Amino acid sequence: MSFQYLLRSLAGTRAVLKSAHPTTPFTWQPARSLATSTNTIKKPPTAVLLTNMGGPETLDDVHDFLHNLFSDRDIMQLPWQKQLAKIIAKRRSPSIREQYAEIGGGSPILRWTRAQGQAMEKLLDEISPETAPHKHYIAFRYVEPYTDTALQQMKEDGVKRAVVFTQYPQYSCSTTGSSLNELQRGIDRAGLTDQIQWSIIDRWPTHPGFVEAMAVKIERKLAEYTAEERRDAIILFSAHSLPMQVVNRGDPYPAEVAASVQRVMERLGNQNAYRLVWQSQVGPKAWLGPQTSDALEGYAKAGKKNIVVVPIAFTSDHIETLYELDHEYGAEAKKAGVTGWKRAEALNDDPVFVKAMADIVKEHLQKNESASKQWYLRCPGCTTDACQTTRDFFPYKILDNKA
Ligand code: GF9
């Protein structure tokens with residue numbers, strides 16, 4: 001699978017680079033017309049475009065991943081950004097490479113997203129035959145398959161109806177917001193504005209299927225404690241932090257993460273005490289707290305021995321679970337005298353979660369709206385022009401759903 005995939009994505013990239021070059025206008029090659037003519041007899045799929053940030057698949061991908069991240073003008077506008085991104089990527093690559101080396105030599109996000117996508121499309125064909133066949137595509141923000149690669153594949157398949165499905169349960173301008181801004185530009189570049197009817201699942205922080213899948217993972221970890229240990233065990237929900245500057249601009253993410261936590265705790269019958277804490281801040285600026293590592297230290301001092309830590313804002317394993325929570329804080333917990341430091345598994349290819357993904361898409365298709373009403377309200381302090389451009393591009397409307 002991966003070799004074929006690599007070839008296809010490389011081909012896609014080259015085509016995109018070519019088409020993006022202003023002096024060499026790119027037209028769709030006749031070599032593909034065979035595939036197109038098949039599509040006139042075969043119904044094109046309902047596309048489900050899974051969007052996420054992506055991660056470096058190998059150690060040699062770390063540098064470009066960081067470079068793309070720090071070049072992202074949808075989440076930060078720095079003076080001398082081109083030069084700065086180059087410097088920061090170069091300076092931070094060695095230590096980040098070491099972290100990825102510790103977790104097996106790269107990010108597993110593409111593998112998990114493919115597994116989720118394949119299982120989801122199969123389920124969707126069963127529970128929503130009227131919109132079948134369904135096919136998943138993947139658009140990562142900082143590594144291949146980039147948005148442009150996914151869009152080329154959709155073009156080749158003759159897609160007429162596409163659902164954008166963010167893989168971040170909670171909406172942040174720095175995650176889903178950035179992906180959607182890039183998607184809007186990509187659709188423009190690919191000339192797919194009128195060929196495809198687009199709609200967006202922009203958040204799903206309290207979807208019952210997601211809540212259920214999370215609850216089961218936590219119950220399983222709690223069950224590893226004895227009944228006595230479990231009674232006093234505490235749950236630390238840990239989510240990626242945000243710069244306070246972003247929080248104070250009005251980013252919806254902190255409140256939506258808290259909403260997820262509330263629902264999951266209700267589902268668990270509020271049998272354990274819990275806190276929502278924030279991880280992975282970097283640099284000297286102020287970030288949303290309390291920080292996960294400070295919380296761990298504080299509870300260690302308070303004599304808490306048994307903790308279940310829960311990654312609540314990411315659906316597959318990544319460096320922040322496998323390295324930061326397991327490795328780094330695992331060692332910190334041990335040193336501080338916390339004898340029980342257990343992490344709830346990421347959702348990955350969990351069947352309860354995959355069913356939730358299929359349900360979320362099915363419910364979205366039945367609702368027939370272009371995006372949530374909430375998405376059209378920009379942050380009160382937003383100064384990113386692309387956020388308006390993107391909303392103008394996907395105007396709020398009720399769609400007729402003849403895919
Ligand atoms: C994030 C999830 C993953 C520049 C600061 C000087 C900004 C940032 C993040 C991380 C949220 C949820 C990641 C910035 C600006 N962000 N790091 N956001 N956000 N660094 O907006 Cl699941």
Side-chain angles (χ1 to χ4, degrees), residues 50-56 65-82 84-85 87-89 91-92 96 99 107-109 112-113 140-143 165-182 202-205 210 214 237-261 264 276-289 291-292 309-325 344 346-348 353 378-384 386-387:
L50 307 175
T51 61
N52 211 331
M53 63 203 305
F65 168 79
L66 289 176
H67 186 260
N68 288 341
L69 176 64
F70 286 101
S71 304
D72 183 350
R73 299 192 55 83
D74 294 305
I75 66 169
M76 53 189 136
Q77 292 103 32
L78 306 168
W80 302 95
Q81 187 149 0
K82 267 196 186 141
L84 265 179
I87 294 165
I88 297 170
R91 211 186 42 202
R92 294 192 57 191
I96 309 278
Q99 295 182 7
S107 166
I109 191 167
W112 288 126
T113 309
F140 284 154
R141 187 69 178 85
Y142 306 122
V143 294
F165 184 8
T166 182
Q167 290 306 290
Y168 304 102
Q170 305 90 8
Y171 188 93
S172 170
C173 305
S174 64
T175 57
T176 302
S178 171
S179 285
L180 292 177
N181 289 354
E182 174 63 8
D202 49 78
R203 71 202 71 206
W204 35 281
F210 168 61
M214 287 301 311
F237 291 91
S238 185
H240 202 295
S241 187
L242 280 182
M244 279 313 291
Q245 195 191 330
V246 176
V247 174
N248 290 338
R249 199 159 62 207
D251 194 285
Y253 172 82
E256 292 190 8
V257 176
S260 299
V261 169
V264 171
L276 170 54
V277 297
W278 308 88
Q279 65 177 88
S280 315
Q281 75 169 60
V282 285
K285 286 187 155 178
W287 286 63
L288 180 61
Q291 288 182 45
T292 304
V309 62
V310 181
I312 186 77
F314 227 79
T315 59
S316 51
D317 275 315
H318 56 307
I319 194 89
E320 285 84 355
T321 52
L322 299 169
Y323 186 82
E324 197 174 356
L325 290 181
L347 298 175
N348 294 338
F353 176 58
R378 286 168 68 195
C379 293
C382 183
T383 55
T384 306
C387 292

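Because the structure is a prediction, the values reported are computed rather than measured. Counting starts at 1 for both ligands and their atoms, following the listed order.
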Inset, instruction - Please write down residue, atom name and distance for the protein heavy atom closest to atom 4 (C) of ligand 1. - result: Met76 SD, 3.7 Å

Inset, instruction - Look up atom CD in Gln81 and atom OG in Ser71, then write down how far apart they are to the nearest 0.5 Å. - result: 6.5 Å

Inset, instruction - List every atom of ligand 1 that sits less than 4.0 Å from any heavy atom of Phe314, numbering the atoms from 1 in the order shown and giving each element. - result: 22 (Cl)

Inset, instruction - Name the closest protein heavy atom to atom 10 (C) of ligand 1, giving the residue it belongs to and the distance to 0.1 Å. - result: His240 CE1, 3.4 Å

Legend entry - Closest approach of Trp112 to Ser316 (non-hydrogen atoms, all atoms of both residues): CB-CB, 3.8 Å

Inset, instruction - Give the ring-plane orientation class for His240 versus Trp287, where under 30° counts as parallel, over 60° as perpendicular and anything between as tilted. - result: tilted

Legend entry - Ligand-residue contact atoms, ligand 1 with Ile75, heavy atoms, under 4.0 Å: 15 (C), 21 (O)

Legend entry - Shortest protein heavy-atom distance from atom 6 (C) of ligand 1, along with the residue and atom involved: Lys285 CD, 4.2 Å

Legend entry - 4.5 Å side-chain heavy-atom contact, Ile312 and Ser238: no

Legend entry - Flag side-chain contact, heavy atom, 4.5 Å: His67 against Phe65: no

Inset, instruction - Give the residue, atom name and distance (to 0.1 Å) of the protein heavy atom nearest atom 17 (N) of ligand 1. - result: Trp287 CH2, 3.5 Å

Inset, instruction - Check ligand 1 against Thr175 and write out every atom of the ligand that is under 4.0 Å from a heavy-atom position of the residue. - result: 1 (C), 2 (C), 3 (C), 11 (C), 12 (C), 13 (C)

Legend entry - ligand 1 contacted by Tyr171 (non-hydrogen, < 4.0 Å): no

Inset, instruction - Kindly indicate, with the supporting measurements, whether the criterion side chain to side chain donor-acceptor pair (under 3.5 Å) is fulfilled by Arg141 and Ser178. - result: CA-CA 8 Å; Arg141 187 69 178 85; Ser178 171; 2.8 Å; yes

Inset, instruction - Can you measure from CG (Asn52) to OG1 (Thr166) and round to the nearest 0.5 angstrom? - result: 7.0 Å

Legend entry - Distance-only N or O hit between ligand 1 and Ser174, under 3.5 Å: yes

Inset, instruction - Provide the number and element of each atom of ligand 1 under 4.0 Å from a heavy atom of Leu242. - result: 11 (C), 18 (N), 19 (N)

Inset, instruction - Find out whether Asn181 and Cys387 are in side-chain contact, i.e. whether some heavy atom of one side chain is under 4.5 Å from a heavy atom of the other. - result: yes

Inset, instruction - Please work out which of Ala313, Pro169, Pro254, Pro243 has its closest non-hydrogen atom nearest to atom 16 (N) of ligand 1. - result: Pro243

